[in-house]
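Structure, as structure tokens:
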Amino acid sequence: MDTTSFALRHIGPNSNEQKAMLDTIGVNSIEQLVSETIPAGIRLEKDLDLDAAMSEQEYLSHIYNLSQLNKVYKTYIGLGYYPTNLPAVIQRNVLENPGWYTAYTPYQAEIAQGRLEALLNFQTMIIDLTGMEIANASLLDESTAAAEAMSLLFAVRDRAQKKANVNKFFVSDLVLPQTIDLLETRANPIGIELVIGNEAEYNLSSEYFGALLQYPGKNGQITDIQSFIEKANAENIKVAVAADILSLVKLEAPGKFGADVVVGTTQRFGIPMGYGGPHAAYFATKEVYKRDIPGRIIGVTKDANGNRALRMALQTREQHIKRDRATSNICTAQVLLAVMAGMYAVYHGPKGLTFIADKVKNSTSTLANALEKLGLDQVNAHYFDTLQIKADAVKVKYEAEKNEVNFHYPDTNTVTISINETTTVSDLNEIISIFESVTKNTTDKIESISHTKTIPDHLKRQSEFLTFDVFNTYHSETELMRYIKRLERKDLALNHSMISLGSCTMKLNAASEMLPLSWSSWGNMHPFVPTDQATGYKLMLNALENQLSEITGFAATSLQPNSGAQGEFAGLMVIKAYHESRGDHHRNICLIPSSAHGTNPASAVMAGMKVVVTKATENGNIDVEDLREKAELHKDNLSAIMVTYPSTHGVYESAIKEITQIIHANGGQVYMDGANMNAQVGLTNPGNIGADVCHLNLHKTFAIPHGGERTRCRTNLCC
């Protein structure tokens, strides 16, 4: 046995088991099976031009050497990402435990009771901290959650607003820049007009249906969201608030002020930055909007014997029911990370979180006092963890990077510093020494953290949070370890048995593939560090882009989308941009087979397209003649077709090239859903069958764990 062979160790069935399966099917070899299954006209004529495979040890050495090219500085950039302390008991027993990272639950809640309890804890934590009535069991990231909030508020406009086509959505200029970017992408296709401006000068009028605030703002300033929400509600304008989860321990919950939606990220609850993710976002709203909330909701019910049972509500599958009437295409949740964030709250409890939040707030105010003694102007009157310093940003940046420290520099005269739970007194003194070098002044060394009032009284937290027993019981490592293990035993994962849910390709990720996730040289990288500090990441990502382009037969790859549904949306937006670049702004018809995944029509509508459904034959394949008829009928306005290959029922449809040719002949583009790309790699590819754009679910074809429900479903887009 070749002990260096990765494939030998990690392709599940051995040669005897493979022979038994082949005998059952009635073929002599895998090659015969492939040749009888895949149409000859789409087979690749040559091998993929990829580097030779590595052994596990070679790979670990390679990935370690790459990681050492990253420069992990002390980082105080903020903007939604912070260094954290991941409790070892959670790292060892959740993140690094195949009992948690290989499970898959969307269709079998009855054997995922432990995972659903962990997600119920997450929801409860969010409801308590935001002051809202209902929360989902995580989303992809804060920016996506904010975009979903905008879409929800647009969907729930009252009858008069819809009749008058009220479509303006105000966004405070204090909202995180990455969130504004995503809002701009998502608003235009569905007819929302974004207005970005100063919330203090915002003109409340009947032209607006909603607004989004950041709490605290991107520069750290705590604004009076209470007054804003009261004025907005008086004008029938609904308000979403993007709130820092840790600050809500000290700031009053937005729900107490009348917010309609509260969103954010739970990255601060023990999740490494990982150069931008993935992290579990949260979405909380009023119960009256429960039919429009994206993602999934964990609920409590009773089974047939009257025993307590947990279930998943319909939210995730709503797009299958509504299809082109769905308000969201979300089908992915960062479950593994939501479990970790929930366990962080369970481990620390309300008292522990209060201690951490107080330490962050008081460290920030102590630093502010010291910097002011150096003669520097600190702009923020009220703040939680971020200072806005007026200084020569060029000089500060030079001195900071010389000391391996990162701040944020919004302009040449401003430096912002965001303190986090890992910041020590020694770190504060290092920051002061940097500014001493720039100002040529000195001040006393900080010996201990002091308290200064930094939050206005009317915004201070008064309401209780995390009062349930689960958040007040498991505060020792032994207690939490046993609790985590007790929940794990209620689940079915790949460390117990196979999970025969075909379309999502259940596989056990190799431990060697998972190990680097725990390395600080990958995990402790802020996404906004200067690029010369992320050389390891850059080399790895560029190599992956090139490899995936070769595998798909396409010219280029983007690694930006972070779920299959977001890959669909991004792909359709690429097609839309292509048509518009040619002056074909009118092309907006998207053909979708009736057998397609429910996210397909939902994504098309989100991209501003009109859905036309094509028929399926009795055996489930695309009805080519019906497709031809509808493509020719809509040829003047045809934008795209969305096709899954192999199909959702596992067939390599022999007419695929004819299908793509029909679309091209009528002026459209072919979007291929790459959910089943594992059945193409090395045998055929999207470019070969005539597709123009596709997304790949990396968790299916390559090496990313589920962790619950398509968790860590980092998706790429090829075209």
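Quick note: residue numbers are just sequence positions, from 1. Worth knowing before you read on, the calculation uses all heavy atoms, side chains too, and leaves out hydrogens, waters and symmetry mates. Because the structure is a prediction, the values reported are computed rather than measured.
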From CA spacing to verdict: side chain to side chain contact (heavy atoms under 4.5 Å, CB included), H408, V415
CA-CA 6 Å; H408 177 53; V415 180; over 6 Å; no
Output the distance between atom NZ (K250) and atom CD1 (I356), rounded to the nearest 0.5 Å.
12.5 Å
Closer than 4.0 angstrom, basic N to acidic O: yes or no for E399 and K395?
no
Could you go through V425 and I449, starting from their C-alpha distance and side-chain angles, then the distance that decides it, and tell me whether this counts as side chain to side chain contact (heavy atoms under 4.5 Å, CB included)?
CA-CA 7 Å; V425 170; I449 303 301; 3.9 Å; yes
Looking at every heavy atom in both M573 and P189, which two are closest together, and how far apart are they?
CE-CG, 3.6 Å
Using 0.5 Å steps for rounding, measure from the OG atom of S558 to the CD atom of E545.
7.0 Å
Treating D411 as the side-chain partner and N413 as the backbone partner, does any N or O pair qualify as donor plus acceptor under 3.5 Å?
yes
Exercise: identify the closest heavy-atom pair between M273 and M525:
CB-O, 3.4 Å
If I compare all heavy atoms of V175 with all of K218, which pair ends up nearest, and what's the gap?
O-CD, 3.6 Å
For a side chain to side chain donor-acceptor pair (under 3.5 Å) check, start with the C-alpha distance between S603 and E568, then their side-chain angles and the critical distance, and finish with the verdict.
CA-CA 6 Å; S603 295; E568 291 175 11; 2.7 Å; yes
Please determine, by modelled atom types, if H695 and N697 share a side-chain donor-acceptor pair under 3.5 angstrom.
yes
Nearest heavy-atom approach of G220 to N380 is C-ND2, 3.6 Å
Any side-chain heavy-atom pair from H348 and F269 closer than 4.5 angstrom?
no
Side chains of Q388 and Q221, donor plus acceptor under 3.5 Å:
no
Provide the full list of salt bridge (charged side-chain N to carboxylate O under 4.0 Å, His left out) pairs with a residue in residues 66-91, sequence neighbours left out, each pair given once.
K74-D427
Starting at CG of L367, measure out to OG of S365 and round the result to the nearest 0.5 Å.
9.0 Å
Pairing donors with acceptors under 3.5 angstrom, does anything connect the side chains of T414 and K390?
yes
Distance in Å, L387 CG paired with Y76 OH, rounded so as to fall on 0.5 Å steps:
12.0 Å
Just checking, is any N or O donor in the side chain of T179 or E142 under 3.5 Å from an acceptor N or O on the other one?
no
Audit row: Y81, N420, side chain to side chain contact (heavy atoms under 4.5 Å, CB included) steps and yes/no
CA-CA 10 Å; Y81 302 93; N420 58 79; over 6 Å; no
Modelled atom types, side-chain donor and acceptor of D141 and T144, under 3.5 Å
yes
Stepwise side chain to side chain contact (heavy atoms under 4.5 Å, CB included) check, Y215 with L174:
CA-CA 9 Å; Y215 183 58; L174 297 179; over 6 Å; no
Roughly how far, to the nearest 0.5 Å, is the CD atom of Q214 from the OG atom of S172?
8.0 Å
Measure from the side-chain N and O atoms of D673 to the backbone N and O of C694, and report whether any donor-acceptor pair falls under 3.5 Å.
no
Examine distances only and state if a side-chain atom of N546 and a backbone atom of N542 form a donor-acceptor pair shorter than 3.5 Å.
yes
To the nearest 0.5 Å, what is the distance between CE (M343) and CZ (F122)?
12.5 Å
Test side chain to side chain contact (heavy atoms under 4.5 Å, CB included) applied to V262 and I245, V239, T130, the passing residue:
T130
Applying side-chain hydrogen bond (donor to acceptor under 3.5 Å, both in side chains), which residue pairs with at least one partner in residues 265-275 are found, sequence neighbours left out?
D244-R268, R268-D385
Taking every non-hydrogen atom, the tightest pair across T416 and F407
O-CB, 3.7 Å
Does Q334 use its side chain to pair, donor to acceptor, with the backbone of L336 at less than 3.5 Å?
no
Between H279 (side chain) and P272 (backbone), is there a donor-acceptor pair under 3.5 Å?
yes
